[in-house]
Amino acid sequence: MAKKKTIRTIPQERTPMREQDALVRAGNFEEVARGYNLEDALRESERCLLCPDQPCIAGCPVGIDIPGFIRKIGEKNLRGAYDILTDTNLLPSVCGRVCPQETQCEGVCTVGESLEAVAIGRLERFVGDTAIKEGWSNIPYIEANGFHVGIVGSGPAGMACAADMAKAGCDVTVYEAFHQPGGVLRYGIPDFRLPNAVIDAEIENLKKLGIKFECNTLVGRLFTIEQMIDEMGFHAVFVGVGAGYPTMLNIPGDSLNGVLSANELLTRCNLMHARDFPNFDTPLPIGRRVAVVGAGNTAMDAMRVSIRLGAEKVYCIYRRSRTEAPARVEEVHHAEQEGVDFHWLTNPVSVLNDGTGSVRGMRCVRMELGAPDESGRRRPVPVADSEFDFEADLIVYAIGTNANPIMGQTSEMKLNKWGYIGVDETLATSVAGVFAGGDIVTGAATVIEAMGAGRKAARSMKAYLGIRDPALPYCGATGGEALFGIDERERNFARVRVA
Amino acid sequence: MSNFEIVAREDFSDVTYLLEVRHPMMARAAKPGQFVIVMQNEQGERIPLTIADFDRNKGTITLVIQAVGKTTRQMQQECQVGTSLYGMVGPMGIPSPISHAKKVLCVGGGLGVAPIFPQARGFKESGAYVIAVLGFRNKDLVFWENKFRECCDELILCTNDGSAGMKGMITDGIKVALAGHANIEEVVAIGPPVMMKACADATRPYKIKTMVSVNPIMVDGTGMCGGCRVKVGDEVKFACVDGPDFDGHLVDFDDLMLRLQRHKNDEKLAHERWSENCRMTNPPGPGAGDVLAGGTAAQSDVLELPDPSEDAPGG
C-alpha cells in the first residue's frame, strides 16, 4: 500500500484552472474557466488526504461522498468517480460550476486548515464534463411503483426532487412556465458561467430516468395545485417555483426607460438570446455606460453580461463595503479582471431623466459603516453632503427578489408573513401531499441549496407515500415511522448504507 | 405540450386577424381579462395577447391580433390554419372581477373590442344590464358587431369618420351612454393606453368605478422580470401578476405610454430587416405590400392604435 499522505507530502499549491484571458473573454460568451484536464485532475486529487473525519461530506448540502470520488480520480477510474457522484448528485457539471464551494465542502476541508483547500468543485466539474463528453449516464434499475408525482418548476430544486422520485419508481412530470426547462440555470446564469449545452446534457439524463418535462405550463393558472391532487391523479406534488419577483429601489426615476431588473436583462440575454438580435427577435437595451446596483452573484452576472454586450463602462454600486458583498469571491474577482468599476459604500438616491423619459445618469450618496444591524453586518449610513452624479444610460437593479405571488393567489397553501410558502421541517405545506422547497420557501439562495431542498422534499414525499427509501436503513433512527406500502420485491435490490 | 395548432383564422381587415388555437386545457381554465404569451417560433419573442374568447366545448382559445411590428406581421403571413405556434402559455394574470353591478358599460377601442367581449359576456351572464361602446377608425375595421349585439342590451358603435354607427371618438360614445343612463355602476375599458386614459378622464367627474386592462412590455409574464411595472396610485405593480386590470382612475397612463416606447429603435430595425428579407425571398404579391403599407402604428391617433393587448413587440 502506498505511503500515507500527509499535509507535507501532498502538492502544496492548489492546481490552477485554465481560464480565458480577461481581455479576450470580455468580448465573448464562451466559458471563462476552461476546466481541468486529466493531468490537472490527477495532481489535484493527490492533494486530498482522504482524512477520516470527512468534514467535506457534512459541508455538502446533498452529502456527496467527496473523498470517495476523489480517490477514484486518483485511480484514474473516472467512470467510478462519476458513479459515486451520481449516487447523490445528478448534476455534477452544474454544481461543480455554480456551487459556492468556499463556504461549503471546501470551506471545511482539512487541507484548507493549513494550505489552500482541495479544489473539490473543479474536480466535480471535471468528472461531470468527462461524462458528458463520453456520453455516460447512470440509469439505475427502476421498478415502477404506480405513484404519480408532479413537480412545479424545472429549476434546480425541481430537477433534484424529480430525479429522486423517479429513481424511487414514481412516474414524474415536471411543469415549466417557460418554453425551455432549466429554470434559473437557463434564464439566469449566463453561458460563460454555465453553458446551455451542459444544462441540455443534464436534462437529457433526467429524461432517461423517465421524467417528463411539460413546458409552456403555468401551474396555478392553467390548473391549480389542488387540481393536480384532486383531479389530475398526482399522489404528491413538489412546488419549486423560485422567488422571482424582483425588488425595485423605489427611488425617483425608477420607471424611466433604461432602468430594469437584473432578471429582465439576464432573461432577455440568456433565455431569449437577445444578444443575437436581430437573428432572434427579442431586443435588449444596450448600455454604453451601465450601472448595476447590488453586489450579489446576480449583480456580477449582470455586469459581466453588460461588458460582453459591448458596454464601455460598467459600474457596481453597493451601499456596503467589499467584505459584505454577498457574491462568491471568484465572481467578484472575475468581474474586476474584466474591468468592472466597483463603487463600494455608495447608495443610489435617484435616477436622472434625460428629458425624454430615458436614463441619463444616477445620483448617489457616499456611505460609511456604522453599528452592526440585525444581520450582523455593519449598517451603512449616509455621509452628510456627499451626493454626486454620474453618467449612465442603463441602470440594472440586482438587489434581490420577493416571493412570486402566483402560488398564493391560486392555492390554499399557507404563506408566511413575507409571502413565501410556509412549510414544516419535512418541507410539507399546509395542503396534504404538497411539498415545497427552494427559493419560494427560503427566499433567494443558491443553486445547490435549492437542490438540497428538492432532495429533502423527495425524502419526505417518499415517506408520505409510504415508499421505502433505499438510501436509509430499513428502520430509521426515528423508529416509529410508518413504512407501509412496501413492495416485497423491493428488498431484493434496495441498497442499505451500513453505518 | 408543444403543439398549439391553429384551427381557424379570420381576417377582419388588411391588418387585423383572428387566430383560434387548440388548447383544451387552457380553454377550460381561461376567464375574462386573462392573457397568453405566444412565441411563434424558436427564434421569436414572447408577446402578450389578451384572450379574446375561449370555447370550452371546442377546446380553443381565440386571439385577435393587429399587425404592427415584426412579429405580428410575420404571424399574419405565416400563421395559417393547420400550422402551429411554437409556444403559448397561460391563462396569465388575475381574471377580471365580474362584479354584481347591475348596469355596466363595456368600452372597447380598436383591437380592444376583442378582449372586452368575454367581459361583456361575463357581466351579462351574471345578470347585469350591459351597454357596449365600440370604437373603430372606420367601417372597414369593424368586427364582431353581431357577436356583441347577441350578448349586450345596448350597443353604441362609433367610427372616427362616421362610416358606421355614430361619428365621433369613443369618448363621445361614452358621453351618450352616460347621458342616457344615470345609474351605470361600473365601466370597463380596453384599448390603446391613450384611449383608456381618455375613458378614465371621461368617467372621473361621475365617480364611476372604471377598470382598465393595461398592456405593458413583458418577457416572462410570471412576475419574474419586472418589465411590465406600472404606476397605480402610489404603488408600483407588475401587470402580469398583479393585473392586468387596474383602477383606471389611478393608473399613470403617461408613464405607461412612455415605457411602451422603450424598444422603439430595435423594433424598427427588426422590422426593416425582416421586410427586406421578405422582399428578397418572396416577390411582392398581394398581402406583403399591403401589410407594410398599412401597418405603421401611430401613437397619436386613438383608434388607429394597435392593440390593447398585444403590442409589446418589445417583449
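The chains referred to below are lettered A, B, ... by the order of the sequence lines, with proteins before strands, and numbering in each begins at 1. Computed over heavy atoms, backbone and side chain alike; hydrogens, waters and symmetry mates excluded.
If you tally non-hydrogen atom pairs under 4.5 Å between each of B/Ala30, B/Gly90, B/Gly221 and chain A, the highest count goes to B/Gly90. Heavy-atom pairs under 4.5 Å with chain B were tallied for A/Gln409, A/Gln180, A/Gln227, A/His273; the largest tally goes to A/Gln409. When each of B/Pro91, B/Gly227, B/Ala29 is checked for heavy-atom pairs under 4.5 Å with chain A, B/Pro91 comes out on top. Listed options A/Asn402, A/Thr410, A/Ile406, A/Leu260 were ranked by heavy-atom pairs under 4.5 angstrom with chain B; first place goes to A/Ile406. Between chain B and the residues A/Gly242, A/Ser255, A/Ala177, A/Gly220, the largest count of heavy-atom pairs under 4.5 Å involves A/Ser255.
Annotation: A/Glu412, atom CD; neighbour count of heavy atoms from other residues, nucleotides and ligands within 6.0 Å does not exceed 12.
Interface residue B/Met39: only side-chain heavy atoms are found under 4.5 Å from chain A. A/Leu271 does not touch chain B: none of its heavy atoms, backbone or side chain, sits under 4.5 Å away. Neither the backbone nor the side chain of A/Leu266 comes within less than 4.5 Å of any heavy atom in chain B. Both the backbone and the side chain of A/Pro246 come within less than 4.5 Å of a heavy atom in chain B. Heavy-atom distances place the backbone of A/Thr356, and not its side chain, under 4.5 Å from chain B. Interface residue B/Ile94: backbone and side-chain heavy atoms are both found under 4.5 Å from chain A. Only the side chain of B/Gln74 comes within less than 4.5 Å of a heavy atom in chain A; its backbone stays farther off. For chain B, the nearby part of A/Tyr187 is the side chain; its heavy atoms alone come within less than 4.5 Å.
In this structure, A/Val239 and A/Met413 have side chains that are in contact, with non-hydrogen atoms separated by less than 4.5 Å. B/Gln40 places none of its side-chain heavy atoms less than 4.5 Å from the side chain of A/Asp281. Between B/Met75 and B/Leu19 there is a side-chain heavy-atom pair separated by less than 4.5 Å.
Sorted by first and then second residue, the side chain to side chain donor-acceptor pair (under 3.5 Å) pairs involving residues 24-37 of chain B (not counting sequence neighbours) form an empty list.
The distance from atom CD1 of A/Ile151 to atom CD of A/Glu176, rounded to the nearest 0.5 Å, is 13.0 Å.
Each of A/Thr267, A/Asn270, A/Asp200 was compared with A/Arg186 under the side-chain hydrogen bond (donor to acceptor under 3.5 Å, both in side chains) criterion, and only A/Asp200 meets it.
Identified by a heavy-atom distance below 4.5 Å to chain A, the contributing residues of residues 242-254 of chain B are B/Asp242, in residue-number order.
A donor atom on one side chain and an acceptor atom on the other are found under 3.5 Å apart for A/His148 and A/Asp171. Between A/Asn263 and A/Ser261, the side chains place no donor N or O within less than 3.5 Å of an acceptor N or O (distance only, hydrogens not considered).
Using a cut-off of 4.0 Å between Lys/Arg side-chain N and Asp/Glu carboxylate O, A/Arg308 and A/Asp191 are scored as not salt-bridged.
For A/Tyr420, there are no ring pair (Phe, Tyr, Trp, His ring centres under 6.0 Å) partners, not counting sequence neighbours.
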Could you list the donor-acceptor pairs under 3.5 angstrom formed between side-chain atoms of residues 228-240 of chain B and any protein atom two or more places apart in sequence or on another chain?
from: B/Arg229; atom 1: NH1; to: B/Gly226; atom 2: O; distance (Å): 3.1
from: B/Arg229; atom 1: NH2; to: A/Asp254; atom 2: O; distance (Å): 2.8
from: B/Arg229; atom 1: NH2; to: A/Val259; atom 2: O; distance (Å): 2.9

